[in-house]
Peer 1: 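There's a structure below that I have some questions on.
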Amino acid sequence: MNPLYDPSNIETQVQTNWENSQAFKATEDPAREKFYCLSMFPYPSGKLHMGHVRNYTIGDVISRYQRMQGKNVMQPMGWDAFGLPAENAAIKSGMPPAEWTRSNIDYMKAQLQRLGFAYDWDRELATCDPDYYKWEQWLFTRLIDKGLAYRKKATVNWDPVDQTVLANEQVIDGKGWRSGAVVEKRDIEQWFLRITDYAQELLDDLDKLPGWPDRVLTQQRNWIGRSEGVQMDFQLEHGNENISIYTTRPDTLMGVTYLAVAAEHSTSLQAAESNPELADFIETCQKGGVTEAEMETMEKKGIALGLNVIHPVSGEIIPLYAANFVLMAYGTGAVMAVPGHDQRDWEFAEKYGIERKQVIFSVDGSDCSIEKAAFLEKGVLKNSGPFDGLSSEDAFDAIADWLKEQGKGEKQIHFRLRDWGVSRQRYWGCPIPMITDVNGESKTASDFHVRLPEDVTVDGSGSPLKKMPEFYDLGNGEVRETDTFDTFFESSWYYARYCCPDASDSMLDDRAKYWLPVDQYIGGIEHAILHLLYARFFNKLMRDEGLVENDEPFSKLLTQGMVIAETYYRTNDDGSREWFNPADITLERDDKGSAIRATLSADGESVTIGRIEKMSKSKNNGVDPQSLIDRYGADTVRLYTMFAAPPEQTLEWSDAGVEGAYRFLKRLWKLSATHLEAGDVPDLKKDELSDAQQKTRLKIHVTINKVNDDIGRRYTFNTAIAATMELINILSHAKDESENGRAIMREGLETVILLLSPIVPHITEVLWREFGHAKPIIDAAWPEVDESALVQKELQLVVQVNGKLRAKIMVPSDADQKQIEESAISDENVQKFIAEKQIRKVIVVPGRLVNIVVS
RNA sequence: GCCGGGGUGGCGGAAUUGGUAGACGCGCCGGAUUCAAAAUCCGGUUUCUUCGGAAGUGCGAGUUCGAUUCUCGCCCUCGGCACCA
């Protein structure tokens with residue numbers, strides 16, 4: 001055996017073996033327990049970044065661990081291939097998106113293979129492949145038939161210079177990113193899916209997902225946002241028209257002092273015809289972006305319409321306003337305003353001098369004044385006519401009942417969740433299979449499979465499809481839809497297609513019923529809401545088509561944190577910053593090791609140490625995985641990414657840390673080589689162990705327990721690795737050349753090799769064979785604990801006096817409470833702290849500590 | 001603005017159910033080896049200290065025999081907010 005660890009050599013060798021033996025090909029086998037492990041597929045942006053490496057290493061570790069547990073594991077990989085960056089690259093370089101995307105896929109696939117991930121590459125798919133997207137086109141036509149897809153107007157960001165629709169990320173400070181023009185809102189016809197029909201089920205089924213992080217469940221619940229409230233009508237003072245509103249606080253109804261509608265509400269538009277000031281206001285509201293964050297943070301503005309409505313209970317005349325914070329797309333596009341009991345209404349009323357009316361008062365007499373702020377709590381009603389004296393809770397029902405009797409309103413369940421707009425005015429996506437006929441009516445394309453033309457030029461002014469009559473003009477007066485689907489469409493069902501990527505007659509076949517649901521899904525926390533909600537929704541749509549049987553697509557979810565790194569920069573004369581890559585920086589440290597100065601290695605001059613931020617091109621702090629793989633090998637990169645932080649937390653990149661991981665693998669290699677060189681090892685004689693040998697064996701088996709729990713249950717790979725490092729430290733210090741000593745060394749080394757094999761599969765595969773095993777380690781069984789090794793004669797207990805550590809004592813492991821107390825109290829140092837004091841209480845926590853409470 | 005996280009030595013992090021704060025690694029300091037360096041190996045490393053101890057997990061309160069862990073208030077920071085993926 002080569003005494004030197006040579007990663008590049010052994011890794012290519014091992015990878016070739018895996019490939020030749022088709023080691024990771026997954027086949028349906030009803031006799032075996034399946035395990036479907038899925039990592040979120042990447043967008044093929046060019047090359048892998050550290051976030052990918054981290055995500056896919058986590059998935060690979062779990063997959064390999066489950067395989068060693070005897071499961072039939074399937075781990076696929078593919079490409080989320082449609083999307084905006086390909087169009088941006090096309091504008092820059094002139095390369096068509098299809099070509100750019102496919103060449104990126106080739107490069108990134110080679111990178112993934114070099115990292116040694118145990119994928120079944122036969123199941124690879126790319127969403128830009130017509131054989132993939134034709135099936136979502138098929139599903140869409142089914143949804144049209146079922147009334148689950150429909151068309152309506154919706155607002156987009158419009159760049160008036162580039163004459164194109166902008167994504168939210170392309171709007172910077174309210175301006176188009178390329179043109180710099182002030183962005184406008186524009187309403188256009190778009191396709192929507194009725195996800196709201198499934199809102200209740202999407203909410204209820206979250207309870208079926210105990211394997212999901214609580215924070216994701218909470219965010220999804222809040223996003224769906226079920227509320228119980230009352231819908232009611234306010235009649236316009238003149239004419240028969242009603243303004244319909246929804247409120248969750250009908251108990252404050254008698255405190256309504258104005259109504260606000262969206263600027264583009266029909267009533268507002270009508271009034272604007274004879275009111276130039278209002279028309280101006282509506283036009284101003286057309287400026288700016290469409291995001292919720294923008295809406296919520298902008299200055300709240302409004303204007304009186306010059307119209308009034310009638311209060312449904314009191315008959316009072318109430319003014320009607322148009323306001324920029326009321327959104328046409330939410331609910332009815334109108335809200336009732338209660339300045340006394342809603343803070344936003346309070347501020348609006350303050351600004352425009354509208355009356356504030358208090359109708360809710362505190363029950364316990366605590367301060368509930370509305371002079372300085374709205375009173376938001378529930379309480380008891382006053383100034384509320386027939387409802388005076390009722391509690392907020394009782395008033396809710398009383399007012400709802402009254403409105404219902406009068407035919408003016410009723411209780412309603414409302415969801416914050418809105419229907420999913422799936423139309424995108426972009427080229428690089430799946431064509432929406434719809435046709436507009438001669439009468440202007442929409443119908444589904446008779447052949448649902450509309451292929452996207454791939455030989456195009458992209459210039460940034462609107463979708464190329466709109467300039468291709470050969471695509472959209474069907475010649476008989478019919479026109480093909482030129483919009484494409486939101487790319488969340490593709491990522492909403494890829495997990496199912498992996499089960500049967502070659503199914504040619506249907507979207508999915510019976511193989512999906514074997515593999516689904518996904519047992520473990522791994523991906524970035526940034527997908528906690530949208531992607532996961534849409535995928536859950538699609539699963540239910542596919543279930544209702546009879547394609548899958550499960551209600552939920554992902555049984556367990558692991559959300560991994562970002563990868564971040566230090567930043568370094570120099571400020572130019574004009575105030576702009578030039579950012580330097582951490583690889584090009586030299587750090588100077590003080591005696592304690594804290595960084596005091598950073599210099600650019602090239603010129604030796606100082607640079608400013610910036611914040612630690614998410615790896616990005618703009619801050620030039622990205623670390624290229626490829627150069628690390630070239631230098632240290634895949635195992636070192638895998639080991640470091642798993643060791644540096646638990647998977648859910650952000651991971652701070654450190655080149656020195658990678659060096660440490662490499663050092664550990666070298667030590668493992670060398671310790672194994674030295675041990676093997678000394679020749680054969682006799683069987684362990686368990687009943688002839690010295691105390692030291694027993695302690696070492698105890699450590700080996702405690703480590704198995706810990707690593708099993710850390711990898712199998714907790715997913716804290718960092719502590720699993722730390723535990724094996726501890727064990728290696730103990731083994732390398734043991735220096736026991738006796739027969740039993742060498743047998744324990746072998747037991748320990750083989751244990752570490754098995755425990756680490758899911759994380760560093762190449763080095764462990766080679767060592768496993770060097771240790772004389774004929775079968776590859778990927779098919780070895782996970783090590784089992786020898787319970788007899790865990791038995792201890794004595795235990796260490798900590799002794800506290802008044803909660804402070806004062807001694808450590810050894811007691812027989814079968815000692816009773818009284819013996820333990822006596823032993824603790826008689827300790828010399830403990831005596832010093834309890835001398836001349838009264839012992840009030842002694843708390844014994846078995847196996848852990850004794851706390852003596854003295855006065 | 002709204003929803004959801006996070007904050008522990010010089011650094012990444014550990015402490016799993018309220019029970020020894022700082023495992024493991026990095027960095028730094030000292031030593032061995034070396035003509036020298038790299039590599040490797042050994043020891044030390046929260047702060048203060050009168051060397052007995054004391055303080056300490058973002059800040060301020062609280063519950064408890066005991067709080068990094070639970071409760072309340074605040075500060076900072078990160079993710080999401082429906083057309084980035």
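Note that this is a predicted model, so its numbers are computed, not measured. Every chain is numbered from 1, with letters handed out A, B, ... down the list of sequences.
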Peer 1: Any N or O donor-acceptor pair under 3.5 Å from the base of rC83(B) to the side chain of Q425(A)?
Peer 2: yes
Peer 1: For the backbone of V854(A) and the side chain of N802(A), can you confirm whether one donor and one acceptor N or O come within less than 3.5 Å of each other?
Peer 2: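 Yes, N802(A) side chain to V854(A) backbone: donor-acceptor pair under 3.5 Å.
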Peer 1: Is a side-chain donor-acceptor pair under 3.5 Å present for D655(A) with W653(A)?
Peer 2: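 There is such a pair between these side chains.
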Peer 1: Would you call the rings of F348(A) and F325(A) parallel, tilted or perpendicular, taking 30° and 60° as the class edges?
Peer 2: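 Aromatic pair F348(A)/F325(A) classed perpendicular.
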Peer 1: Syn or anti for rG12(B), taking syn as within 90° of 0?
Peer 2: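 Anti, angle beyond 90° from zero.
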Peer 1: Does T487(A) have a side-chain nitrogen or oxygen under 4.0 Å from the phosphate oxygens OP1 or OP2 of rA85(B)?
Peer 2: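 Affirmative; the distance criterion is met.
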Peer 1: Which residue in the set R426(A), K466(A), R424(A) passes salt bridge (charged side-chain N to carboxylate O under 4.0 Å, His left out) when paired with D483(A)?
Peer 2: K466(A)
Peer 1: Starting from P on rC3(B), measure out to CD on E296(A) and report it in whole angstrom.
Peer 2: 10 Å
Peer 1: What's the closest nucleotide to the R663(A) side chain, out of rU20(B), rU40(B), rA85(B)?
Peer 2: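 Side chain of R663(A) sits closest to rU40(B).
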Peer 1: Please produce a list of atom pairs where a protein N or O lies less than 3.5 Å from an N or O of nucleotides 62-67 of chain B.
Peer 2:
unit_1	atom_1	unit_2	atom_2	d
rC65(B)	O2	N851(A)	ND2	2.5

Peer 1: Counting any heavy atom closer than 4.0 Å, what does P42(A) reach on the DNA or RNA strands: base, sugar-phosphate only, or nothing?
Peer 2: nothing
Peer 1: Where each residue is assigned the nucleotide of RNA chain B containing its nearest heavy atom, which of V216(A) and R667(A) is assigned the position nearer the 5′ end?
Peer 2: V216(A)
Peer 1: Heavy atoms only, 4.0 Å cut-off, all strands: where does L849(A) land among base, sugar-phosphate and nothing?
Peer 2: base
Peer 1: Nearest heavy-atom pair of L639(A) and A661(A): which atoms, and what distance?
Peer 2: CD2-O, 3.5 Å
Peer 1: Mind checking if A656(A) touches a base, just sugar-phosphate, or nothing, with heavy atoms under 4.0 Å?
Peer 2: sugar-phosphate
Peer 1: Is K300(A) reaching over with its side chain to a backbone N or O of M298(A), donor-acceptor style, under 3.5 angstrom?
Peer 2: yes
Peer 1: Using a 4.0 Å heavy-atom cut-off, write out nucleotides 44-57 of chain B from 5' to 3' as B (base contacted by protein), S (sugar-phosphate only) or - (no contact).
Peer 2: ---------SSS--
Peer 1: From the list rG25(B), rC83(B), rA85(B), which nucleotide is the closest neighbour of the side chain of F488(A)?
Peer 2: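 Of the candidates, rA85(B) comes closest.
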Peer 1: So, OP1 or OP2 of rC42(B): does either fall under 4.0 Å of a side-chain N or O from H733(A)?
Peer 2: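 So the side-chain polar atoms of H733(A) do come within 4.0 Å of the phosphate oxygens OP1 or OP2 of rC42(B), strictly under.
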Peer 1: How far does the P atom of rA21(B) sit from the matching atom of rG73(B), given to the nearest Å?
Peer 2: 29 Å
Peer 1: Look at all strands and tell whether K300(A) reaches a base, only sugar-phosphate, or nothing, counting heavy atoms closer than 4.0 Å.
Peer 2: nothing
Peer 1: Please state the P separation for the pair rC72(B) and rU63(B) - nearest whole angstrom.
Peer 2: 15 Å
Peer 1: Give one of base, sugar-phosphate or nothing for T716(A), where a contact means two heavy atoms less than 4.0 Å apart.
Peer 2: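 It contacts nothing in the nucleic acid.
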Peer 1: Syn if the chi torsion is within 90° of 0, anti otherwise; quick check, which is rG52(B)?
Peer 2: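 rG52(B): syn.
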Peer 1: What is the distance, to the nearest angstrom, from the CD atom on E169(A) to the P atom on rC81(B)?
Peer 2: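 Value for this atom pair: 11 Å.
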Peer 1: In whole angstrom, give me the gap between the C1' atoms of rA39(B) and rC24(B).
Peer 2: 23 Å
Peer 1: Within this structure, what is the OH-to-P distance between Y640(A) and rC11(B), rounded to whole angstrom?
Peer 2: 15 Å
Peer 1: What's the closest nucleotide to the F643(A) side chain, out of rA82(B), rA21(B), rG25(B)?
Peer 2: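 Selected nucleotide (nearest to the side chain): rG25(B).
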Peer 1: With no hydrogens and no angle check, do the side chains of R536(A) and Q220(A) hold a donor and an acceptor under 3.5 Å apart?
Peer 2: yes
Peer 1: Quick one about D187(A) and T155(A) (side-chain donor to acceptor, distance below 3.5 Å, no hydrogens or angles considered), yes or no?
Peer 2: yes
Peer 1: I need the minimum non-hydrogen distance between M40(A) and L532(A), along with the two atoms involved.
Peer 2: CE-CD2, 4.5 Å
Peer 1: Other residues, nucleotides and ligands only: do more than 12 of their heavy atoms fall within 6.0 Å of NZ on K92(A)?
Peer 2: no
Peer 1: Can you tell me how far P of rA21(B) sits from NZ of K808(A), to the nearest Å?
Peer 2: 9 Å
Peer 1: For F717(A) and rC24(B), what is the distance between atoms CZ and P respectively, to the nearest whole Å?
Peer 2: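 It is 22 Å, rounded to the nearest whole Å.
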Peer 1: Under 4.0 Å between a side-chain N/O of R714(A) and OP1 or OP2 of rA15(B), yes or no?
Peer 2: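 Answer yes for this pair, as a side-chain N or O of R714(A) is under 4.0 Å from OP1 or OP2.
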Peer 1: Could you tell me the separation between the CE atom of M562(A) and the C1' atom of rU77(B), rounded to a whole number of Å?
Peer 2: 10 Å
Peer 1: Reckon R416(A) has a side-chain N or O less than 4.0 Å from the OP1 or OP2 of rC2(B)?
Peer 2: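 False: R416(A) side-chain N/O out of range (4.0 Å or more) of rC2(B) OP1/OP2.
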Peer 1: When rounded to the nearest Å, what value does the distance between P atoms of rG60(B) and rA55(B) take?
Peer 2: 15 Å
Peer 1: Counting the atoms with a prime plus P, OP1 and OP2 as sugar-phosphate, which does H531(A) contact under 4.0 Å by heavy atoms, base, sugar-phosphate, or nothing?
Peer 2: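 The answer is nothing, as H531(A) stays clear of every strand by at least 4.0 Å.
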Peer 1: Which whole-number value in Å describes the distance from M298(A) CE to rC81(B) C1'?
Peer 2: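 In whole Å, rC81(B) C1' and M298(A) CE are 15 Å from each other.
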Peer 1: For R178(A) and N88(A), does a side-chain donor sit closer than 3.5 Å to a side-chain acceptor?
Peer 2: no
Peer 1: Verify the contact: side-chain N or O of R418(A) to OP1 or OP2 of rA82(B), cut-off strictly under 4.0 Å; return yes or no.
Peer 2: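 For rA82(B), neither OP1 nor OP2 has a side-chain N or O of R418(A) closer than 4.0 Å.
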Peer 1: Test for a donor-acceptor pair under 3.5 Å between the base of rG5(B) and the side chain of E648(A), counting only N and O atoms.
Peer 2: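 Answer is no: no donor-acceptor pair is held.
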Peer 1: Remember a base hit wins even if backbone is also touched, and classify I564(A) as base, sugar-phosphate or nothing at under 4.0 Å, heavy atoms.
Peer 2: nothing
Peer 1: Relative to each other, are the rings of W420(A) and F489(A) parallel, tilted or perpendicular (30° and 60° limits)?
Peer 2: tilted
Peer 1: Does a side-chain N or O from N222(A) land closer than 4.0 Å to OP1 or OP2 of rC2(B), or not?
Peer 2: no
Peer 1: Quick one: sort the Y133(A) and F82(A) rings into parallel, tilted or perpendicular, breaks at 30° and 60°.
Peer 2: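 Ring orientation, 0 to 90° scale: tilted.
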Peer 1: When you get a sec, tell me which of rG80(B), rG25(B), rA85(B) is the closest nucleotide to the side chain of M725(A)?
Peer 2: rG25(B)
Peer 1: Would you kindly compare D710(A) and A645(A) by the position of their nearest RNA chain B nucleotide and give the one closer to the 5′ end?
Peer 2: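 Nearer the 5' end of the strand: A645(A).
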Peer 1: Which heavy atom of E648(A) sits nearest a heavy atom of P213(A), and at what distance?
Peer 2: OE1-CG, 4.4 Å
Peer 1: Give a yes or no on whether a donor-acceptor pair under 3.5 Å exists between the nucleobase atoms of rU20(B), that is its base, and the side chain of R848(A).
Peer 2: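 No, the side chain and the base share no sub-3.5 Å donor-acceptor pair.
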Peer 1: From the set rG27(B), rU16(B), rG79(B), return the single nucleotide nearest to any side-chain atom of Q219(A).
Peer 2: rG79(B)
Peer 1: Please evaluate the base of rC78(B) for a donor-acceptor partner in the side chain of Q649(A) within a cut-off of under 3.5 Å?
Peer 2: no
Peer 1: Give the stems involving RNA chain B, where a stem is 3 or more consecutive Watson-Crick or G-U wobble pairs (i with j, i+1 with j-1, and so on) under 3.5 Å.
Peer 2: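 Stem list for RNA chain B: B:1-7 with B:75-81, B:10-12 with B:24-26, B:27-32 with B:40-45, B:46-48 with B:53-55, B:58-62 with B:70-74.
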Peer 1: May I ask you to decide if the ring planes of H531(A) and Y521(A) are parallel, tilted or perpendicular, using 30° and 60° as cut-offs?
Peer 2: tilted
Peer 1: Suppose you measure atom C1' in rU68(B) against the same atom in rA23(B); what distance do you get, rounded to whole Å?
Peer 2: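 After rounding to an integer number of Å, I get 15 Å for this pair.
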Peer 1: What integer distance in Å separates L651(A):CG from rC78(B):P?
Peer 2: 18 Å
Peer 1: Measure from the side-chain heavy atoms of R215(A) and tell me the nearest of rC84(B), rG13(B), rG4(B).
Peer 2: rG4(B)
Peer 1: Using a cut-off of 4.0 Å on non-hydrogen atoms, how would the nucleic acid contact of V156(A) be classed: base, sugar-phosphate, or nothing?
Peer 2: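 If one applies the 4.0 Å heavy-atom cut-off, V156(A) turns out to touch a base.
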Peer 1: Can E299(A) and K351(A) be counted as an ion pair, charged N to O under 4.0 angstrom?
Peer 2: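 Yes, E299(A) and K351(A) are salt-bridged.
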